Every structure is written in structure tokens, then in C-alpha cells.
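Scroll down for the structure; my scribbles are underneath it.
So you know, we letter chains A, B, ... as the sequences are listed, proteins then strands, and number each from 1. Owing to the predicted nature of the structure, the values given are computational and were not obtained by experimental measurement.
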Amino acid sequence: MQPRSYSGCSMAHADPDTPPFRYSAALAQDIEMRWQQYWDANHSFDAPNPAGPLADPVAMIDPATGQSRPKLFVLDMFPYPSGTGLHVGHPLGYIGTDVFSRYKRMAGFNVCYTMGFDAFGLPAEQYAVQTGQHPAITTASNVANMRRQLKRLGLSHDPRRSIDTTDPGYYRWTQWIFLQIFNSWYDADAPAREGIREPGAKGRARPISELIAEFEAGSRPTPDGRAWATLTAGEQRSVVDAHRLAYVSEAPVNWCPGLGTVVANEEVTADGRSDRGNFPVFKRNMRQWMMRITTYADRLIDDLDLLDWTDAIKTMQRNWIGRSDGARVRFASAAGDIEVFTNRPDTLFGATFMVLAPEHPLVDSLTTPEHAEAVAAYRAAAAAKKDIDRQDATRTKTGVYTGATATNPVNGAQVPVWIADYVLMGYGTGAIMAVPCGDARDFEFARQFGLPIPAIQQPPQPWFDAHGIEATLDTGTWPEPFVGDAPYVQSSNSSGLTLDGLSSVAEGKRLTNAWLEAHDAGHGNTNFKLRDWLFSRQRYWGEPFPIVYDEHGPIAIPDADLPVLLPETDSFSPRTFDPDDEFSNPESPLDRLDWWTEVELDLGNGAHAYRRDTNVMPQWAGSCWYELRYLDPTNEKAFVDPAVEEYWMGPQDVGVDGRPHPGGVDLYVGGVEHAVLHLLYSRFWHKVLYDLGHVSSLEPYYRLYNQGMILAAAFKDEREIYVEATEVEEHEGAFSFHGEPVTREWGKMGKSLKNAVSPDEMYDAYGADTLRLYEMSTGPMDASRPWETRDVVGMYRFLQRLWRNIVDEQTGELALGAPADEATVRLLHRTIDGVRADLDGLRINTAISKLIELNNHITKGGRCPSDLAEPITLMIAPLCPHLAEELWAKLGHADTLIREPFPVADPQLLIEDTIELPVQVNGKFRSKIAVASDADDATVEAVALADAKVIAALAGAVPKKVIVVPGRTVNIVA
RNA sequence: GCCCGAGUGGCGGAAUGGCAGACGCGGAGGACUCAAAAUCCUUUGUACGAGAGUACGUGUGGGUUCGAGUCCCACCUCGGGCACCA
């Protein structure tokens with residue numbers, strides 16, 4: 001998209017009757033362009049660092065106080081530079097953070113606020129493939145266009161801190177961090193770094209060199225017990241590589257032929273398709289890079305308690321990680337022990353059969369000859385089914401008996417072993433003990449196949465009442481299993497496990513786990529749904545792995561040789577396949593570049609030939625640490641100077657609910673769609689960097705705020721095809737497109753629904769300040785709201801009135817009225833007080849309505865009182881910075897108002913002499929009385945009872961009770 | 001099925017347990033204009049009433065309270081997340 005011309009497009013110029021200095025779209029654009037140039041030229045938004053290339057000790061001092069300014073790090077989730085540019089739905093969050101940043105700057109803070117571009121990844125590459133241009137070219141032009149559109153909004157970013165994840169100067173450090181992770185292992189027994197985590201906490205990433213040293217010194221045994229020195233070089237490498245936090249492994253992965261690459265679990269939708277492109281995804285064993293995020297599962301859950309995030313997002317992360325506390329239990333069988341995971345070890349006495357996943361490795365040896373045929377048939381049928389079909393919980397349960405039995409360790413019972421596809425190989429051990437009286441799936445399965453369902457808990461009477469049945473332990477009458485706390489029955493054995501009489505599940509679990517451990521039949525265990533993160537992609541437009549291979553496996557490129565540049569090539573298109581061709585194989589574009597893949601290097605032992613890794617990193621790599629690079633974007637020596645990181649992101653005094661403060665970004669604003677992917681990966685990387693001592697903060701994002709989405713009307717014709725929303729006409733509640741009836745729905749703004757509105761249209765029609773104000777005024781930041789172009793004019797009119805109250809529309813000169821009367825001054829101070837509170841609480845919509853109320857009051861008096869012009873200008877500045885700067889200049893100031901102190905309310909003026917109190921009679925509002933604001937209750941009561949309307953409402957009744965709520969109301973109960 | 005949110009005028013929304021509907025759009029009426037647009041002014045929850053006013057009113061039903069949009073219980077609807085995870 002070409003930048004538009006801003007001249008000659010104004011409606012206002014078309015009419016000679018319009019006063020020459022009315023706040024028209026043309027004037028707004030003129031003002032906006034001039035101030036944007038001014039800010040640029042004067043580096044108005046540069047935020048000083050305490051150290052490193054951007055250090056500026058003088059600028060860190062507030063001249064008003066002589067003290068260091070407090071710091072504030074405000075961050076937006078950065079955008080992908082898409083080819084279609086911004087629509088007005090994108091900048092909702094950006095405008096909000098800009099208003100907040102500008103307000104906080106005026107409140108004396110040193111604010112780090114900037115913007116970057118997440119430019120690697122599938123969207124950019126697909127756009128390049130579509131246009132036939134190299135992604136580096138399309139990315140650069142898309143970034144340029146988005147920069148222009150964002151700048152036009154007047155966002156107060158520090159331009160020196162802007163980053164682009166595809167810049168070699170940036171991805172050099174992405175590769176460096178990858179190598180930090182590659183060169184680390186997780187020591188679950190190592191004490192935590194002192195400071196934030198609770199005293200005595202264990203578990204920390206450590207440099208892999210320390211692991212090797214322990215093996216060499218013999219202080220850590222090798223897996224098979226042989227002495228380290230007796231292992232071959234290849235064996236030593238395998239042992240070490242098996243510990244790394246980034247590792248290559250042959251494992252079931254999500255192969256997406258339609259995209260030509262493997263994708264992470266988090267990128268597969270619930271119905272088994274890619275979240276990008278919506279192609280089928282198949283589970284296949286492949287050799288791929290993985291990240292050992294599972295070692296951090298506990299900390300990723302526990303540390304959520306330290307974060308100022310909404311419960312909704314915390315819950316989504318907890319659910320994704322899926323921690324489940326229970327036990328591993330071994331059932332002996334003819335084919336060896338069958339291990340199961342259960343989260344209800346206390347129900348072992350009710351385990352009357354076992355179920356194995358059809359793929360379970362023991363199935364073959366367990367199956368008896370007479371059942372072999374049925375088992376084989378069932379396994380074949382299960383293998384032919386897609387995961388998505390197997391995981392449909394509404395299906396009737398299926399399964400077959402293997403003919404084998406296993407021994408329940410708590411009571412010695414011989415229980416039959418079945419296979420069924422409702423048991424998944426990928427979770428737990430791929431085998432379960434079935435407790436039909438206490439688990440819905442087992443209950444259904446037992447009913448289906450006539451297996452016994454003995455009760456092991458006595459459900460409480462209300463449970464039976466709710467089901468309309470007699471209280472009984474005969475489960476034949478039960479409509480569903482019982483789950484919950486209730487006294488155990490038939491749950492004791494002769495070797496010391498006695499649950500009968502107990503009614504606490506937690507206690508039952510504890511006793512059972514202890515018994516299992518003592519009898520070598522199992523142990524307490526925690527299981528997670530979270531899997532290790534599949535980290536490689538067979539695409540072109542991503543960070544190359546800084547890895548080469550020799551005959552033993554992967555070797556890191558030395559830090560000094562970073563970055564490993566993405567090789568130039570014209571054949572950047574990935575090899576994609578028929579989306580349904582499950583048995584195709586990925587082919588990385590980099591694999592085709594022999595000149596690049598075959599390399600001779602001296603890695604300290606002389607020059608040798610190596611082969612480069614030809615995968616690239618996933619989309620998420622660059623966004624896993626970008627907040628850190630913003631802090632020190634030009635540092636060539638480190639990804640961030642430690643002093644700079646500690647200044648902006650270090651732990652503060654107190655965190656959530658008095659808990660330790662983990663550090664991190666002060667305010668992070670973005671959409672809820674990143675609740676799992678980006679936020680989980682980024683937290684993981686940050687914790688590794690913390691463990692290794694590279695950052696002082698335990699978490700990357702202390703406060704997370706999810707802004708809502710802007711929805712827009714979309715219209716479908718009778719063929720269910722979307723039509724251009726701008727060409728739809730409304731007539732008496734019905735919609736039509738070129739005369740044909742269409743139906744309306746609300747959806748995310750965008751190309752596919754043909755309902756996008758470009759900010760450029762709004763700049764042309766109203767100017768950026770009006771657009772900013774409109775987006776902020778339509779509701780609270782965290783709420784989604786529909787876009788209504790026709791509503792925008794309301795904010796435009798407000799700014800016109802405000803301008804007209806201060807500036808003469810004929811001459812453009814300042815034109816103020818006499819000083820304000822007392823009532824107006826009091827209103828001003830109430831407004832200051834309210835606006836401050838609203839902006840502090842990110843309630844920008846109500847701050848705007850308070851400013852409109854003040855301006856409406858002034859408008860009634862004609863001109864703006866001379867003593868109100870400055871405070872109003874300063875208050876509107878965070879919202880409409882261009883207009884405010886222009887007014888500020890007209891008010892005689894030579895300098896920008898960016899760091900001018902935000903007005904402070906005089907507490908004396910917030911107290912009224914007399915107040916009007918509503919009076920209720922029996923809870924109904926009947927009258928209003930005027931009393932002195934400091935009148936005591938007896939006086940207020942007397943005035944209320946003397947009021948004519950109150951007397952009328954009482955109609956002679958004698959008040960029984962009078963409730964006076966000071967400053968609020970009076971209620972007379974008669 | 002489970003876990004989160006949210007239901008207030010024609011629309012977007014406002015309301016520390018204390019005058020429901022701030023503010024904006026839209027509507028109605030008026031000013032300016034040859035006329036229109038733009039702009040400005042007045043008005044605008046519903047019903048009844050000429051009017052003062054009266055009654056009703058925050059998804060539904062109950063409860064707590066002097067007083068409930070707000071707190072509690074049950075239900076309904078919509079949005080989001082997870083979903084055979086043992």
C-alpha cells in the first residue's frame with residue numbers, strides 16, 4: 001500500500017463558509033504532521049538507560065525534584081508486519097499503552113515504551129510466496145508501511161529501541177540464547193538462586209559444562225554405571241546430549257503436509273488441524289529439535305501466583321500444563337509389571353480391571369492366543385483412526401479383552417486386562433487401572449462390557465436424593481459413578497492399609513501412597529499434560545539453528561561466529577504436499593542449498609567438514625525474549641546489559657498479595673489469543689535465563705492486561721459469501737448490498753470478512769487525535785466492542801468544541817475568557833482528581849467522559865476561562881497529544897508538554913460547602929435536601945423530616961427509624 | 001460435560017451496597033442556509049397523564065439488607081477456553 005497524500009482530501013476545505021481555523025480534519029492533519037516531526041527531531045520520547053550505549057544519567061533525574069525518576073516499562077505485544085497493513089482494530093491496545101505512557105511521563109516517570117516487529121514466520125513467508133518476492137523484501141516494505149501507520153497515530157515510542165526479529169543484529173542473540181539453552185541441563189536437586197524463589201527451593205538450569213565436570217570427576221554416575229573415561233567419545237556425547245534443555249530426538253510429532261513442516265502441540269487446534277492454514281495434522285515419529293519445557297512445568301504453574309494477570313489467563317496456562325497429583329502403581333502380570341498413573345490412588349480397592357492403550361508395548365506379550373485375532377483387529381482399527389476421532393468423548397466406548405489378568409497390589413485380586421482406544425498412549429503410562437464406581441469413563445466401559453462395579457465409598461444421602469434412588473451400595477441402581485469425599489468401604493487389606501472409616505480423599509491418597517512405597521508397588525507421582533516443545537520447522541523464513549553436525553550429533557557454533565546468517569536464495573518456497581498426504585516427508589528449503597549446508601570449520605580441534613542444521617526456529621523464538629532487547633537494543637557485547645535489565649525489569653519491593661515480586665515488565669498489553677503459546681514459551685526462556693544468571697527477574701511480564709477486540713459488522717449474501725461491508729446499505733433495520741438483501745453478523749475485523757476499516761480513512765476524515773479518542777471512549781480497554789464509523793463524529797465534535805473554547809476560529813489566535821468562577825474551579829479540580837484516578841486504573845473511557853463534562857460546562861459559558869486552559873490542555877495531552885501540543889504552544893510555551901507535570905487536584909477544592917442529599921422513604925426516593933457537608937446526622941435527619949415532599953410521602957406515618965449515610969443518603973423507615 | 005467471563009435504553013456504554021442510564025451515537029424539534037451538508041441549541045428509558053406527577057424498569061426466580069444493577073442461591077442465554085488427560 002502506498003502512503004496516501006494528506007493534502008486536498010479534507011471535507012472542510014470544500015466549503016468556503018467554514019471558519020478558516022475550525023478544528024477540521026485538514027487542520028488536525030496539519031497539526032499532527034507538524035508535531036510528529038517535532039517529536040522526531042527533538043528525540044522527545046528517548047528514555048535514558050542507567051548504563052550501556054543508551055546511558056544518560058542526567059536525563060534520569062527529574063529536575064522538579066532533583067531525584068531519580070521512577071521507572072516504568074510499558075510493553076505491547078508486537079505485531080506481525082502483514083502485507084495488508086493495519087486496520088483500526090489493531091491499535092486499540094497501542095493507543096491505550098500510549099495514553100498510559102504519556103500520562104505516566106507527565107507524572108514524573110522514566111517510561112520505556114517502544115515497538116518492534118515479529119517478522120519471521122509463516123505469515124510473512126506465505127505473503128512472500130504469494131507475491132513471488134523474497135520475504136526479506138516484502139517484510140521490509142510491510143514493516144515500513146506499518147511504521148508509517150503507527151507513527152501517524154502519534155504513538156510515543158522511543159524510536160532508537162525499535163527492533164525487528166529478522167535483523168541479524170537481533171537474531172544473533174536469539175541464536176545465542178538458543179545456545180545457552182542447548183548448553184544447559186536441568187538439575188532438579190540444585191538449590192535455587194537466592195532471592196525471589198522461596199528459601200530452600202530446588203531445581204535450576206545449570207551450564208552443561210558443570211555436568212560434564214561432574215561426570216569426569218566421578219561425582220555423578222553415568223546412566224549405565226560405567227566409568228566416564230571408559231566411554232567412547234560418541235557415548236559421552238550421547239549421555240551429555242540426553243541432558244540438554246534443547247535436544248534432538250526421534251519422537252511422535254505433529255506433521256502438517258499442507259504447511260510442509262512440523263508444528264508444536266500448541267499450534268494444533270482441538271480438531272486436529274493447524275491453527276495456521278487449518279490443514280490436517282498427523283502424528284508421526286520424526287527426528288526433531290525439542291525444548292525440555294516440561295522440566296519447568298511445576299515452576300511455570302507455581303509462579304503464576306506471583307503475577308498480576310487475570311485469573312482467566314492463569315487458568316488457561318494451568319489447564320494447558322495440566323498438573324495432576326497422584327501415584328504410579330505397578331500391577332504384576334505374566335508379561336511383567338504394568339505401570340499405571342492414577343490421580344486417585346485411594347480408589348485402588350475399586351480397581352476391577354485394567355485398560356491399556358492399543359499401542360501399549362505390553363499388549364503383544366499379554367494377549368492370549370484365543371484373543372489374538374480380536375486384539376489385532378482392534379489395534380488395526382485404532383491405528384487407522386485419526387487422533388481427533390479417537391478423542392471424541394461422546395462416542396460409545398469400545399475395547400477388547402486380551403485374555404490376560406494382572407494383580408491388584410492392594411488386595412491381590414486378579415483383574416482382567418483390556419485394551420481400548422479411550423486410553424491414550426501419550427499421557428501417563430498409556431495404561432490405566434479402571435475404577436468404575438468412581439470414574440465416568442470406567443463406569444461407562446464397565447456397563448458396556450458387563451464388568452463388575454463394586455462400591456468403595458458410601459455416597460452421602462443428598463447424592464442419592466438428587467438421583468431419586470434409595471441409598472445403597474448396589475451400584476446397579478446408580479445412574480453415574482460417585483466422585484468426591486465420602487467414607488470408604490471395602491477399602492482395607494491385611495497388610496496395613498486401612499481406609500475404611502476415613503472420608504477424606506486427600507488423606508486416603510496420602511495413606512495409599514505411603515503404603516505403595518513401603519510395599520514397593522508404586523509411589524506418589526505428579527503427571528503433566530504439557531509435552532516438550534517441538535522447536536524446529538522445515539521452512540525458510542526463520543532463524544537458522546547455530547548448529548552443525550559431526551558423526552556423533554549436534555555441535556554448537558561458537559558464540560564468536562554468531563549470527564549464523566539465513567542464506568540468500570531465490571528458492572525460499574517450502575515444499576508443501578497434498579494436505580492429506582500423511583506419509584509425505586518434510587523437506588527444508590535450506591536442505592537444498594549444498595553450498596551452505598556443507599561447511600568446513602575449526603571448532604578447536606582443527607578444520608573439519610560439518611553439515612549445518614537445515615531447520616529454522618519456530619515463529620515464537622523471536623518473541624520469547626524481545627522485551628529484553630528493547631532495553632538495550634544496540635548492545636553488541638550482550639543481549640542486554642545486566643544493569644539495564646535490573647533497572648527496568650528487576651524485582652520491586654512487594655508483589656501480588658504481599659508475595660515476593662518476581663520482576664518483569666510493569667504493564668504488558670495484548671490479546672488473549674497468546675494466553676498459552678507466546679506467554680508460556682517466553683516465561684520458559686526467561687526462567688532459563690534467570691537460572692543461568694543472565695537476568696535478575698524471575699518472570700518476563702509482571703502485569704498482563706488483555707485488551708478486547710474490535711469487532712465489525714460483516715455481511716453475507718444469500719450464497720453465504722461475504723460482501724464488501726462499506727457498500728452495504730441499511731434501511732429500516734434491513735441490510736442490502738447493491739439491492740440484494742444481506743444478513744449481518746459481528747466478527748473480527750479483517751480481510752476475510754471484508755469489513756476492515758483502515759486507520760488512513762480515519763486520518764483523512766477526522767485526524768489521528770479523534771481516532772485515538774474514539775477508540776478509547778467506546779468502552780473499557782479489556783472489553784471487545786463493535787466498530788461504528790458513524791459514532792466517530794462524537795469525539796470529533798468534542799475536540800472541535802474544546803478547540804473553539806480556546807482558539808478563535810476566524811483568526812486562529814488564542815481567545816480565552818475571564819478567570820473561572822468558584823463552581824467551575826471546583827469542577828476542574830474534581831475532574832483532575834477523577835481523570836488521574838481513571839488513567840491510573842486504565843479506565844480511559846471514563847476519563848474521557850469526565851473531560852467532556854468539564855468541556856461541556858465551559859461551553860455553556862462561551863470561552864474557556866483563562867485559568868482553565870492550561871490544566872485542560874495538560875489533561876487532554878495523553879489522549880490527544882497533537883492537539884494538546886498545539887494548544888500548549890498557543891498558550892505561550894516554547895517547549896513540549898511531554899514532561900510537563902500532570903495537574904494535581906487541590907484537596908480543599910474537592911470538599912463542597914453544601915451538598916445535596918437524596919432522601920428515601922421506605923427505600924423509595926422521594927426528595928432532595930441541601931445540607932452543610934459537615935452537618936451531623938441529627939441535623940441531616942431534622943432537615944429531611946422537615947422536607948415537604950417527605951412529609952407528604954409519610955402521609956402522617958411516624959418514622960420508626962431514620963438511617964443517615966453521611967454524604968450519601970437518608971432513608972426514613974416508617 | 002468441565003472451567004472462566006458477561007447479560008443495563010434503539011446502539012456503544014456509566015454507576016466505592018445509596019438519585020439507574022454519566023459520556024457518546026442515533027431519534028425528535030429548532031437556529032444558521034435559497035437549499036443541503038457541516039456546526040450550534042433544546043429534547044430523548046417505558047407506560048399513563050394536558051401538567052405537576054404517578055407507576056414500572058438493569059436476563060429469570062428466590063434470598064440477605066433500612067436500601068441491590070452491585071452481595072448470596074438456583075436457573076436461562078450469549079461469548080471464550082479445555083475436553084475420553086486416568
So which nucleotide from [options] ends up closest to the side chain of [X]?
X         : options                : result
Pro918(A) : C19(B), C66(B), G18(B) : C19(B)
Thr342(A) : A86(B), A15(B), C23(B) : A86(B)
Met795(A) : G18(B), C66(B), G24(B) : G24(B)
Thr969(A) : U39(B), G18(B), C41(B) : G18(B)
Lys529(A) : C82(B), U39(B), C66(B) : C82(B)

Identity of whatever pairs with [N] - Watson-Crick or G-U, under 3.5 angstrom:
N      : answer
G7(B)  : C76(B)
A14(B) : none
U64(B) : none
A83(B) : none
G69(B) : none
A20(B) : none
A31(B) : U39(B)
G57(B) : none

Nearest whole angstrom, please: distance from the [atom2] of [N] to the [atom1] of [X].
X         : N      : atom1 : atom2 : answer
Arg790(A) : A37(B) : CZ    : P     : 16 Å
Trp787(A) : C25(B) : CH2   : C1'   : 13 Å
Gln920(A) : A68(B) : CD    : P     : 9 Å
Lys748(A) : G80(B) : NZ    : C1'   : 13 Å
Met709(A) : G80(B) : CE    : P     : 8 Å
Ile848(A) : C23(B) : CD1   : P     : 14 Å
Ile844(A) : C23(B) : CD1   : C1'   : 15 Å
Leu802(A) : C40(B) : CG    : C1'   : 16 Å

Starting at the 5' end of RNA chain B and moving along, which residue's nearest nucleotide shows up first, Ala312(A) or Tyr427(A)?
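Of the two residues, Ala312(A) wins.
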Starting at the 5' end of RNA chain B, which residue's closest nucleotide do you reach first, Glu853(A) or Gly923(A)?
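Nearest nucleotide further toward 5': that of Glu853(A).
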I'd like to know if Asp305(A) and Arg318(A) make a salt bridge, using a cut-off of under 4.0 Å between side-chain N and carboxylate O.
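Looking at Arg318(A) together with Asp305(A), the answer is yes, because their closest N to O distance falls below 4.0 Å.
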Any side-chain heavy atom of Asp937(A) within less than 4.5 Å of one from Pro966(A)?
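Answer yes - side chains close enough.
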Could you tell me whether the side chain of Leu910(A) reaches within less than 4.5 Å of the side chain of Arg830(A), counting heavy atoms only?
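In short, these two side chains touch, coming nearer than 4.5 Å.
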[X] side chain N/O closer than 4.0 Å to the phosphate oxygens (OP1, OP2) of [N]?
X         : N      : value
Arg926(A) : G67(B) : no
Arg797(A) : U39(B) : yes
Lys924(A) : C56(B) : yes
Ser324(A) : A86(B) : yes
Arg22(A)  : U39(B) : no
Asn845(A) : A14(B) : yes
Asn856(A) : G24(B) : yes
Arg785(A) : G24(B) : no

I'd like the [atom1] distance from [M] over to [N], given in whole Å.
N      : M      : atom1 : value
C76(B) : C11(B) : P     : 25 Å
A36(B) : G80(B) : P     : 46 Å
G62(B) : A55(B) : C1'   : 24 Å
G10(B) : A22(B) : P     : 14 Å
G53(B) : U58(B) : C1'   : 24 Å

Which pair of heavy atoms, one from Trp787(A) and one from Val757(A), lies closest together, and at what distance?
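Smallest interatomic distance, heavy atoms only, reads NE1-CG2, 3.8 Å.
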No-hydrogen, no-angle side-chain donor-acceptor test under 3.5 Å, Asn527(A) and Ser324(A):
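The criterion, which ignores hydrogens and geometry beyond distance, is not satisfied for Ser324(A) and Asn527(A).
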Between Thr269(A) and Asp275(A), does any side-chain donor sit less than 3.5 Å from a side-chain acceptor?
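No, because no side-chain N or O of Thr269(A) sits under 3.5 Å from a partner of the opposite role on Asp275(A).
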Confirm from the modelled atom types if Lys960(A) and C66(B) form a donor-acceptor pair under 3.5 Å, side chain to base only.
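No, no donor-acceptor pair under 3.5 Å.
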Assert yes or no for the condition that the ring centre distance of Phe445(A) to Phe353(A) is strictly below 6.0 Å.
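Yes - the distance between ring centres of Phe445(A) and Phe353(A) falls below the 6.0 Å cut-off.
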G81(B) glycosidic torsion: syn (within 90° of 0) vs anti:
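Anti, since the glycosidic angle lies more than 90° from 0.
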Select base, sugar-phosphate, or nothing to describe what [X] touches, counting heavy atoms under 4.0 Å on all strands.
X         : result
Arg804(A) : sugar-phosphate
Asp442(A) : nothing
Val965(A) : base

Near Lys314(A) NZ, under 6.0 Å, is it more than 12 heavy atoms from other residues, nucleotides or ligands?
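Yes, enclosed.
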